[in-house]
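Here's the structure we're looking at; comments come further down.
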Amino acid sequence: MTVKRSIRIAALAALPAVFALCAASPALAADSQAFQIDLEQLNDSGGSGTAMLSINGSQLTVKIESEGLVPGQPHAQHIHGSTQGHNFHCPPASADKDGDGIVSTGEGIPHYGDINISLTTKGDTSKESGLAIDRMPTADANGKVSYERTITVSKAVATHIQDLHVVQHGIDPNKNKEYDFGKGKSELDPKLPQEATAPAVCGIVKGASVGAMPVGGVETGSGSPEGIADTPALAIGGTALLASAGAFAAMRLRTRQSR
Ligand SMILES: [Cu+2]
């Protein structure tokens, strides 16, 4: 692969639009991104759903639509995981270390990480509100939960949102439509049944961002002058007219890779 440089300076009038494009492109850098998450059942809960995490600066909007949860019951829900590069994921069935047939929240934590954000309906969203059942969404009579809230998050969360994941809790293995002590007490709070706190659905970001892409290759370094010159908006033809004042810009524009 060779790099061919040709500098063409025409004496005629400059094209202001060319410079406008040059100036505008790097300024398009966006700080909003959205990530879709498929929520899949844990503990044979029968639950499923979709979550969308949209980050815009320090504002995180969480939308969750899930179904197949325990009707009429509150479902504690959290964003789990770490912003420090630890690769947490949803727990496999083998996470059930005590063999009682249930992956409890405690058994799941080595896999999905600790609570990072409590997805309450109002008030505090810290880990401390993890079991604030009175501020968690309640499934409707058909077992559906619809949730949306915008919360202010730390820069670490805003930067690493794709490393985190969503967990909703609350299962009903004996299908009596309520949380009872059939599966014992919750290890998190013995006053609560295990059914109330065991995870029901979990989902991780599937990798692809569905929101605005960062512009300029800041992270990957792909925004070389060659790359910029090859973008359609700046791929002006050889007849482009550039004033001598634009010689430097012209040099960049005409720097191309040929195959
Ligand atoms: Cu949780």
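Order of appearance sets the numbers: ligands from 1, and atoms from 1 within every ligand. For this chain, numbers begin at 1 and follow the sequence in order.
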Any donor-acceptor pair under 3.5 Å linking the side-chain atoms of [Y] with those of [X]?
{"X": "S118", "Y": "S129", "answer": "no"}
{"X": "N43", "Y": "S45", "answer": "no"}
{"X": "S66", "Y": "Q168", "answer": "yes"}
{"X": "E187", "Y": "T105", "answer": "no"}
{"X": "H78", "Y": "H169", "answer": "yes"}

With 2.8 Å as the limit, jot down which protein N, O or S atoms are around the Cu ion (ligand 1). H78 ND1, H80 NE2, H169 NE2

Sidechain N-carboxylate O distance under 4.0 Å for K183, D100: no

